[in-house]
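Naming convention: chains lettered A, B, ... in sequence-line order (proteins, then strands); numbering from 1 in each chain. The shown structure was predicted, so the numbers you read here are calculated from the model rather than taken from an experiment.
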2 protein chains.
Amino acid sequence: MILVMIYLFLQNFQNYKRGMSKCEQCIIKQFNSLKSLTKEELVRISSCKTSKVIKKGEVIFEEGDTLNGVYCVKDGVCKLSKLSENGKDQIVKMVVKGQLLGQRSLISDESSNLQAVALNDMEVCFIPKSEIIADLQKNPKFSFDVLQDMANDLKEADDIIVNMAQKSVKQRLAEALIYINDSFGVNPDGTLSVLLSREDYASIVGTATESAIRVLSQFKKEGLITTVGKFIKIEDLNGLRRVE
Amino acid sequence: MILVMIYLFLQNFQNYKRGMSKCEQCIIKQFNSLKSLTKEELVRISSCKTSKVIKKGEVIFEEGDTLNGVYCVKDGVCKLSKLSENGKDQIVKMVVKGQLLGQRSLISDESSNLQAVALNDMEVCFIPKSEIIADLQKNPKFSFDVLQDMANDLKEADDIIVNMAQKSVKQRLAEALIYINDSFGVNPDGTLSVLLSREDYASIVGTATESAIRVLSQFKKEGLITTVGKFIKIEDLNGLRRVE
DNA sequence: AATAAAATATGATATTAGTCATGATTTATT
DNA sequence: AATAAATCATGACTAATATCATATTTTATT
């Protein structure tokens, strides 16, 4: 009981500290478009941003939600997914530390077309819409940077379309493992640091959960990966690259 | 022989006229981001643009090409596709009259990730990179407009990913027919005005040409469409919408 | 008009992936 | 620690789609 209280206090204290931290000094902004803002703009944004801790599994926003700002991801990873008419969720993109979340809806001034769910504990800063929009319309360097970011997302989306249309489940799953390995890294023991359920793998790849499980089992038999519970360790990266 | 000469002369004359036409007065710009440029910017762009007629089947640019500008499509339709590792082309997007072509590569300052091929005779204006980039960096209204355009492309791409991953070939082909009907319209006799080969349909849907043909035959049997040669006429739009 | 080439069509068969059932583990809850 | 719930795993079967073969039709070329 006492321990729980201490724990809650510490968490709140950390939040408090985070709420106080300044965008101007934040290292994270180096990785996204916010780096193109001027010192003054950052100070202004800093004063109206709110910091949040989001727990694993928590929904950040739902499909159809109106987003009143963007999230700057300070730590953790989340998935962006869309519910298909057949009732299955399709993961469209994963967003990591350093990236912005929710830009698209903000720019289109539409409700979100995607749902965002935390894949591990996250720290994010929420920046209200009005601030960002104002900067987009005043600071051409910033808006060009956001534009480049979006152009990159679009290119990645094109690649995913081609993969979905032309590659087998086995190939797509192999590529998903490589992508997760390369983008999010591994734990000290070599297992993939982002822990996904088999269902998540299925909805990245666009297949039935059973099929994803089966293919992972096959990869295991072939020595391409090993598993410890839900943890997956890539044993033969080049082997995965050669999967057909 | 004489007829050929007259024909060539007329075509050149038309080209000449087109080269002379002014962006400021062009109706087409209303449909894309160019509408956000000032009168002065449009005059400047007008003076350095070149008009081109592109014949059906002609390649506008290849995957890997360096684009030195964007195309404003004055008439006609083209397909944007990407070659998959399995040797098949996947159509990622179709671009019609009124839209811009090649923005993404220009903004990322990368070579094109896609190939563009005319699906019917086209008229385009080519605007050199330097002009557009200058305006993007000076005119925030313009760059915000391009940003909105790109955000919309990204949303569409997300939808395609979900469809590819979760829907059957039959459903995807039905949706492709509806899309082509709604976006590009029909001829006086009711047939789809954009004439695609069965192979094109296959590479929109992401399936084998034979499968596309088979599904079209099935739609025909079910009375959803009729065909006259390669021409397709939608007979039951709601039926197509209900395809499972 | 005759021929060649390309595109469309369809059958037979193989492969891939989905579905349903059931059991084994793992994880959460009481 | 015991129970329930969720997740993972695998088998058996079915459905969807790809591949290969081969006509048939349409379009282009001589």
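Heavy-atom contacts of chain B under 4.0 Å fall on DNA chain C between two terminal nucleotides, which in 5' to 3' order are C:dT8 to C:dA12.
Side-chain contact of B:Lys220 with B:Thr227: a donor-acceptor pair under 3.5 Å is present, judged by distance alone.
Between A:Lys79 and A:Asp200 a salt bridge is recorded (basic side-chain N to carboxylate O distance below 4.0 Å). Under 4.0 Å is where a charged nitrogen must lie from a carboxylate oxygen, and between A:Lys97 and A:Glu123 no such pair does. A salt bridge links B:Lys93 with B:Asp153: at least one charged nitrogen is closer than 4.0 Å to a carboxylate oxygen.
Sequence order on DNA chain D of the closest nucleotides to A:Thr209 and A:Ala165 puts A:Thr209 first from the 5' end. Annotation: of the two residues near DNA chain C, A:Ser211 and B:Glu199, the 5′-most nearest-nucleotide partner is B:Glu199.
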Next on the checklist: If you apply the rule side chain to side chain donor-acceptor pair (under 3.5 Å), what do you find for B:Thr226 with B:Glu235, and how did you get there?
Outcome noted: CA-CA 7 Å; B:Thr226 48; B:Glu235 299 289 349; 2.7 Å; yes

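A:Val73 has its side chain within reach of A:Met122: a pair of non-hydrogen atoms, C-beta onward, lies under 4.5 Å apart. A:Tyr201 is not listed as a side-chain neighbour of A:Thr207, based on a closest heavy-atom distance of 4.5 Å or more. Under the 4.5 Å side-chain criterion, counting only non-hydrogen atoms from C-beta, B:Thr209 is in contact with B:Ile213. Between B:Val243 and B:Phe219 the shortest side-chain heavy-atom distance falls below 4.5 Å.
In this structure, NZ of A:Lys56 is placed 11 Å from P of D:dT7, rounded to the nearest angstrom. Atom C1' of nucleotide D:dA16 and atom CD of B:Gln166 are separated by 15 Å, given to the nearest angstrom. Regarding A:Lys220, its NZ atom lies at a distance of 9 Å from the C1' atom of D:dC8, rounded to whole Å.
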Expected rows: protein N/O vs nucleotides 20-25 of chain D N/O, under 3.5 Å:
from: D:dC20; atom 1: N4; to: B:Glu210; atom 2: OE2; distance (Å): 3.4

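At a non-hydrogen distance threshold of 4.0 Å, nothing from residues 234-244 of chain B comes into contact with DNA chain D.
If you run side chain to side chain contact (heavy atoms under 4.5 Å, CB included) between A:Val186 and each of A:Ile232, A:Val194, A:Asn181, only A:Asn181 comes through.
Side-chain N/O atoms of B:Lys88 include one lying less than 4.0 angstrom from OP1 or OP2 on D:dT19. OP1 or OP2 of D:dC8 has at least one side-chain nitrogen or oxygen of A:Lys230 nearer than 4.0 Å.
Closest approach of A:Arg198 and A:Lys230 over heavy atoms only: NH1-O, 3.5 Å.
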